[in-house]
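These notes concern the structure reproduced below.
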Amino acid sequence: MAQLLSEVKHLMAKDMRQEWRQRYALNGILLYVVAAVFVTYLSVKISDKPTWNAIFWIIILFTSVSSAAKSFIQEGRGRWLYYYQLASPQAIIVSKTLYNSLLMMVMCGLCFVFYTLLMGNMADNIGMFLLVTLLGSLGFSAVMSMTSAIASKAGNSNLLMPVLSIPSIIPLLLVTIKASKAAIDGLSNEIILRDCLVLFAFYMAISAMAYVLFSFLWKE
């Protein structure tokens, strides 16, 4: 376990340094978020809560595809051979999932801030809405990390990513929209927390599945 934690720490540090050196990629994602919100602000007049909620999650969904999906696809074959000699497959998938989770939480936070600045805040229970956003972003990052790992081992990985991720994303998206709508309407915390537990369980299940299956994918 100590060896695993040490490998995860060093791999996450490597990903952070790589992201910092390639700031154009991170800036591109931020620009995408800002542009998506601004175009929505110019073209759509939001007057009801369901529309406000739906557009917010559409932007979050495509942001997750742009940010978390690139984690495995951007790695070259030579770098994978280098990783094969230094770290275990479990450490690699855990580090990628944790890093993507952190990145998605930051992106969702920035998206929420900019979205509320332009579109206003329609959530009656802002605390629960932010909790749902946090758990939803974690679920998206776990799904995208796993599907990115699978797509990176196949040809046309950029085309394969949406095909693999959509079936896993749909149930997560349904629960997320339902929970966030309850927070927007100001329903009781108990109702929202039940859905939050489902979101957290989904995140843990996908992460555990990736942890077990990635070692088999790694050998290919």
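Just so you know, these numbers use all the heavy atoms, side chains as well, and skip hydrogens, waters and symmetry mates.
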*Is it true that a side-chain atom of D185 and a backbone atom of L187 form a donor plus acceptor pair closer than 3.5 Å?*
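Checking the backbone N and O of L187 against the side chain of D185, no donor-acceptor pair under 3.5 Å is found.
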_Please check: side-chain N/O of N100 versus main-chain N/O of K96, any donor-acceptor pairing under 3.5 Å?_
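Flag set: sc N100 to bb K96 pair under 3.5 Å.
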In Å, rounded to the nearest 0.5 Å, how long is the span from [atom1] of [X] to [atom2] of [Y]?
X    : Y    : atom1 : atom2 : value
M107 : I60  : CE    : CD1   : 10.5 Å
E190 : C196 : CD    : SG    : 12.5 Å
L135 : D195 : CG    : CG    : 10.5 Å
M146 : I206 : CE    : CD1   : 4.5 Å
L61  : I169 : CG    : CD1   : 6.0 Å
L102 : M104 : CG    : CE    : 11.5 Å

[X] versus [Y], closest heavy-atom pair with distance:
X    : Y    : result
I177 : N53  : O-ND2, 3.4 Å
C111 : V37  : SG-CG2, 4.4 Å
V132 : S180 : CG1-N, 3.8 Å
F112 : I126 : CZ-CD1, 3.3 Å
I192 : A183 : CD1-CA, 3.6 Å
I184 : M122 : CG2-O, 3.3 Å

State yes or no: do [X] and [Y] share one hydrophobic cluster built from I, L, V, M, F, W and Y residues joined by side-chain heavy-atom distances below 4.5 Å, directly or via other members?
X    : Y    : answer
L118 : I59  : yes
V143 : L197 : no
M119 : V39  : no
L193 : I191 : no
L110 : L117 : no

*W52 versus T116: any side-chain heavy-atom pair under 4.5 Å?*
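With C-beta onward as the side chain, the pair touches.
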*For the residue pair V175 and F202, establish whether any side-chain heavy-atom pair is separated by less than 4.5 Å.*
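Of all side-chain heavy-atom pairs linking F202 with V175, none is under 4.5 Å.
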_Partner residues of Y203 under the side-chain contact (heavy atoms from CB on, under 4.5 Å) criterion, sequence neighbours left out_ =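 For Y203, the residues satisfying side-chain contact (heavy atoms from CB on, under 4.5 Å) (neighbours in sequence not counted) are T97, L98, S101, L138, S141, A142, S207.
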_Tell me if the NZ atom of K49 is crowded by more than 12 foreign heavy atoms within 6.0 Å._
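It does: K49 NZ has more than 12 such atoms within range.
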*Check the surroundings of atom CZ in F114: do more than 12 heavy atoms from other residues, nucleotides or ligands lie under 6.0 Å from it?*
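Counting other residues, nucleotides and ligands, CZ of F114 exceeds 12 neighbours.
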*Can you check whether W57 and Y115 have ring centres sitting under 6.0 Å from each other?*
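No: the rings miss the under 6.0 Å criterion.
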*Mind checking whether F129 and F56 have ring centres under 6.0 Å apart?*
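Yes - the distance between ring centres of F129 and F56 falls below the 6.0 Å cut-off.
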*Could you check N189 against N125 for side-chain contact (heavy atoms from CB on, under 4.5 Å), going step by step and ending with a plain yes or no?*
CA-CA 9 Å; N189 290 348; N125 192 338; 2.9 Å; yes
